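Note sheet for the following structure.
Since we're looking at a predicted model, the values are computed, not measured.
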Amino acid sequence: MNYSIVLKVLSLLLGILALAFSICAGVSLFYSSDPSEPEALKSWICMIALTLMLSASFWLPSRNAPKKLFRKEAMCIVGVGWIVASLVGAVPYILILGCGFADALFESTSGITTTGASVFSNLDSFPNSLMFWRMLSHWIGGLGVVVFFVVILSFLGAGAKTLFSNENSNASAGMETARIRTGSLRILGIYLAISTAAAVSFRLCGIGWFDSICHMFSTVSTGGFTIYQDGTARYSNHALEWMTTLFMFIGGTSFAVITAALAGKFRTVFRNTEFKTYIVILVLASAVIAFAVHQDEDISVYNWNDAIRMSAFQCVSILTTTGFCIADYQQWMPFAHAIFFVSAILGGCAGSTSGGIKIVRAVAAIKICKRNVETSLRPKLVRNISINGKTLDEDDANNIMSFIVLYASLVVAGVAAISLLERNISLTGCIASVVACMGNSGAGLNEVGPSQTYGFFCGASKCVLSMVMIMGRLEIFALLALFMPSLWTKFK
């Protein structure tokens with residue numbers, strides 16, 4: 001392990017966080033007339049100083065680090081980087097709100113991992129600057145902290161490719177590996193363009209600039225945090241809801257598809273197996289739930305327009321693992337709950353800001369299972385599995401199935417841990433909380449339903465769920481690798 005290069009990269013991560021805290025301090029100055037902001041400003045100054053000191057302490061002993069970054073270092077940087085970002089991001093909550101460590105860690109991790117689950121039920125009392133950090137953490141985490149410093153790590157050269165590949169799921173990110181830095185800049189440019197378009201669109205829908213920017217942070221990143229306790233429903237703005245649905249859909253779409261669309265390669269877009277499946281799932285789920293909601297006698301107050309709008313919003317929100325809610329879907333029929341539960345597990349497209357196992361893995365797994373059933377009847381049959389017109393080799397197929405098995409095993413382990421720590425939670429609530437955190441969707445059922453928070457969990461449960469969120473965001477391997485002794489062998 002080349003520890004010096006790890007420290008050097010982590011120092012740059014801390015530098016990015018210091019910049020983010022500086023922006024929050026600027027927001028605090030802008031709203032200085034708010035009685036809570038003067039004290040908050042002092043905390044932001046302390047955070048900037050603390051983060052810069054930590055960055056310097058990492059940088060100084062590693063400034064002459066050799067420019068060699070191999071897979072072990074990349075795995076370590078990704079895993080440790082997200083843990084460090086979550087820990088440092090928790091400090092503002094402790095300094096400004098005076099909350100406990102477990103609450104602060106959970107909220108920070110939920111923001112950085114774009115999960116959107118919250119432990120706080122008093123959002124209206126937050127200082128604007130702290131709320132801005134809460135939402136900004138979504139935006140930073142949406143594309144991935146590591147991608148941000150891949151852009152500036154020119155000194156890594158070819159090593160940046162290794163770092164980027166560990167941060168992003170699947171090769172569907174669609175970038176030439178030999179030009180990883182250029183590809184990262186292209187993705188960052190697209191992310192900024194989408195973010196700008198979303199903020200302006202939300203402002204045109206009639207909400208203020210602060211609300212528009214904060215809502216944009218959460219929507220584009222498919223995060224799910226809101227600045228009001230009653231969430232997006234606070235606005236009662238149908239135009240805003242449809243616009244939010246559009247940008248959640250974009251956020252759950254692979255950057256490869258977005259890049260191809262912007263380049264006018266529409267044939268490539270519509271040949272993409274995952275994107276086509278993504279659209280089919282959303283259309284079918286929205287149509288079925290809209291019909292069921294409209295026909296349900298208990299909630300028949302919804303006319304067809306409302307039923308379509310609410311079902312489309314909620315289906316896109318859950319499948320993209322955003323977690324916004326404009327209706328208490330806990331009151332809907334169990335059939336809708338089942339669709340939402342499966343959607344939260346699936347997630348959006350690989351190479352997007354969404355969580356879950358990703359649709360491309362689910363499609364591949366179904367094809368693998370179908371092939372195995374056929375070969376069990378016809379042993380000599382040879383059938384290739386193709387995704388996006390390309391044949392999936394056996395190593396990729398094995399990796400996909402291994403990931404799904406490991407994902408399911410960790411969910412089971414998480415459910416066992418939470419059920420042991422929380423004796424008064426229902427089985428549905430226990431499973432939903434772990435699935436929501438592992439898939440980074442945040443929205444669950446029963447005790448963690450759309451109108452509830454995670455504040456009732458004990459401190460140990462919040463810490464467990466925080467680790468589950470990081471595992472889900474990093475797609476398991478980068479975090480589990482930290483516990484492998486072979487990772488920490490000395491670099492030579």
Test item: Ser201 side-chain N/O and Ala197 main-chain N/O as donor-acceptor pair under 3.5 Å: yes

Has Ser317 got a side-chain atom pairing as donor or acceptor with Gly323's backbone, closer than 3.5 angstrom? yes

Just wondering, do Ser118 and Phe225 contact through their side chains at under 4.5 Å, heavy atoms? yes

Please step through side-chain contact (heavy atoms from CB on, under 4.5 Å) for the pair Met310 and Val293, ending with a clear verdict. CA-CA 9 Å; Met310 290 183 176; Val293 166; over 6 Å; no

In Å and rounded to the nearest 0.5 Å, what is the CG to OG distance from Leu87 to Ser108? 7.5 Å

Flag, side chain of Thr219 to backbone of Met216, donor-acceptor distance under 3.5 Å: no

Output, in order, the C-alpha distance, side-chain angles, deciding distance and verdict of side-chain contact (heavy atoms from CB on, under 4.5 Å) for Asp306 and His238. CA-CA 9 Å; Asp306 288 341; His238 294 179; 4.0 Å; yes

Quick one: pull up CG in Leu406 and CG in Asn399 and give me the separation to the nearest 0.5 Å. 11.5 Å

Using a 3.5 Å distance criterion without hydrogens, assess whether the side chain of Thr109 forms a donor-acceptor pair with backbone atoms of Phe106. no

Partners of Arg234 by salt bridge (Lys or Arg N to Asp or Glu O under 4.0 Å), sequence neighbours excluded? Asp124, Asp230

Apply salt bridge (charged side-chain N to carboxylate O under 4.0 Å, His left out) to Glu394 and Arg371, showing your working. CA-CA 12 Å; Glu394 287 303 312; Arg371 183 193 62 180; 2.9 Å; yes

Non-hydrogen atoms of Gly231 and Thr226 that approach each other most closely: CA-OG1, 3.4 Å

Whether Arg361 side chain and Ala365 backbone form a donor-acceptor pair below 3.5 Å: no

Output, in order, the C-alpha distance, side-chain angles, deciding distance and verdict of side-chain contact (heavy atoms from CB on, under 4.5 Å) for Leu123 and Arg134. CA-CA 11 Å; Leu123 297 181; Arg134 186 170 176 266; 3.8 Å; yes

If I compare all heavy atoms of Ser352 with all of Gly251, which pair ends up nearest, and what's the gap? CB-O, 3.4 Å

Run the ring-centre check on His215 versus Tyr228 and record whether the distance is less than 6.0 Å. no

Derivation and outcome, side-chain contact (heavy atoms from CB on, under 4.5 Å), residues Ile308 and Ser286: CA-CA 7 Å; Ile308 293 172; Ser286 299; over 6 Å; no

Return yes if some donor-acceptor pair links the side-chain N/O of Ser195 with the main-chain N/O of Tyr191 below 3.5 Å, else return no. yes

Between Glu274 and Ser254: side-chain donor-acceptor atoms closer than 3.5 Å: no

His337 and Trp332: aromatic ring centres closer than 6.0 Å? no

Shortest non-hydrogen separation from Ile258 to Ile190 and the atoms involved: CG2-CG2, 3.8 Å

Which heavy atom of Thr114 sits nearest to which heavy atom of Gly141, and what is that distance? CG2-C, 3.7 Å

Would the distance check show the side chain of Ser55 and the main-chain N or O of Thr51 forming a donor-acceptor pair, the cut-off being under 3.5 Å? no

Taking the side chain from Gln314 and the backbone from Phe324, do they hold a donor-acceptor pair closer than 3.5 Å? yes

Check side-chain hydrogen bond (donor to acceptor under 3.5 Å, both in side chains) between Thr320 and all other residues, then give those that pass, not counting sequence neighbours. Thr322

Donor-acceptor pair between Thr353 and Thr222 side chains, under 3.5 angstrom: yes

Are Phe132 and Ile23 packed together at the side-chain level, in the sense that at least one heavy-atom pair is separated by less than 4.5 angstrom? yes

Heavy atoms, side chains only, cut-off 4.5 Å: are Leu319 and Leu346 in contact? yes

Atom of Gly89, atom of Trp133 and distance for their closest heavy-atom approach: O-NE1, 3.3 Å

Short question: side chain of His294, backbone of Ala307 - any donor-acceptor pair under 3.5 Å? no

If you count heavy atoms of other groups shown closer than 6.0 angstrom to CZ of Phe270, is the number above 12? no

Is there a side-chain contact between Met438 and Val435, using heavy atoms and a 4.5 Å cut-off? no

Rounded to the nearest 0.5 Å, how far does CG of Leu136 lie from CD1 of Ile213? 10.5 Å

How close do Phe340 and Ile318 get, heavy atom to heavy atom, and via which atoms? O-CG2, 3.2 Å

Is there side-chain contact between Thr244 and Met248, with heavy atoms separated by less than 4.5 Å? yes

No-hydrogen, no-angle side-chain donor-acceptor test under 3.5 Å, Asn440 and Thr115: yes

What class does the angle between the rings of Phe217 and Trp139 fall in, given that below 30° is parallel, 30 to 60° is tilted and above 60° is perpendicular? tilted

Ile279 versus Phe249: any side-chain heavy-atom pair under 4.5 Å? yes

Could you grab the distance from atom CG of Leu240 to atom CG of Leu204, nearest 0.5 Å is fine? 11.0 Å

Within the structure provided, determine whether Tyr454 and Cys437 are in side-chain contact (heavy-atom separation under 4.5 Å). yes

Hey, is the main chain of Gly355 close enough, under 3.5 Å, to the side chain of Thr321 for a donor-acceptor pair? yes

Does any non-hydrogen side-chain atom of Ile387 lie less than 4.5 Å from one of Lys367? yes

When rounded to the nearest 0.5 Å, the distance separating OG of Ser110 from CZ of Arg473 is 12.0 Å

Working to the nearest 0.5 Å, report the span between CD1 of Ile476 and CD1 of Ile470. 13.5 Å

